[in-house]
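What you see below is based on every heavy atom in this structure, not just the backbone, and it leaves out hydrogens, waters and symmetry mates. Note that ligands are numbered from 1 as they come in the structure, with each ligand's atoms numbered from 1 the same way. Residue numbers run from 1 in the order of the sequence given. It should be emphasised that the depicted structure is a prediction, and the values quoted were computed from it without experimental measurement.
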Amino acid sequence: MRLLLVEDDPDLSRSLKIDLAHAGYVVDAVMDGEQGEFLGMTENYDIVILDLGLPKLSGLEVLKLWRQANNNVPVIVLTARDSWHEKVDGFKAGADDYLGKPFHIQELLVRIQALLKRFHGHNKPELDTYGVVLNEEQQTVSIDGQQQLELTAIEFRLLRYLMLHPGKILSKNQISEHIYEYESDPDSNVIEVYINRLRRKLGKDLITTRRGQGYVFGKIK
Ligand code: CA
């Protein structure tokens, strides 16, 4: 999952980036509204964490510009604690959720998970697709109620991305963009290696290869 973090407090931004990376998100962090607005319009993010008090362009203005341009990326706004009017303004501008500062990282992580599931039409507390149940806290998976299998960090990122897009063809490029940092620029054959590792863990029928197109998790819709 590729995540845009727009937060001008350098300490908070740095610590969030580390915690979010541990939770398996690829994070692009910027510190002002202008850069945030630009990246949100030009890159394909799964979710955005947007502070409201930002230099150059406020979080509310950023959000309004995106929504006016029909950019429906899921957005969690960071508001001042106990500021009910910021929450109201945030929702009016098109926010999907909010979190008052200061907050505990665990709360942000569960809100991100919940929002991503809702956005992709999942309404159960755990990510559960075709009998495959992903435990996002433990980064483990179980199949048809069997025992939990451990996943490596990259297997977890890959499986979560696949499970949020069941039945859709996902190209190698699309997958690598959502599970790696840009700088790392992996060979797309690496994706094939990880897909095969997941097949060994989950059974080979769950992920289908479409020659020249990519991969499909579960049945094609
Ligand atoms: Ca701020």
Next item on the list: Determine the minimum heavy-atom distance between Leu109 and Ala23, stating which atoms define it.
Entry: CD2-CB, 3.7 Å
Next item on the list: Report, as a single number, the protein N, O or S atoms less than 3.0 Å from the Ca ion (ligand 1).
Entry: 3
Item checked: Salt-bridge criterion met for Glu155 and Lys201 (N-O under 4.0 Å) -> yes
Checklist line | Lys/Arg cation over aromatic Tyr25: Arg160, 6.0 Å, 45° cone | finding: yes
Margin query: If the threshold is 4.0 Å, N to carboxylate O, is there a salt bridge linking Glu7 and Lys101?
Written below: yes
Item checked: Contact summary for Gln148 and Asn135, nearest pair of heavy atoms -> OE1-CB, 4.1 Å
Note to self: Can you give me the closest heavy-atom contact between Leu5 and Lys17, atom names plus distance?
What the structure shows: CD2-N, 4.4 Å
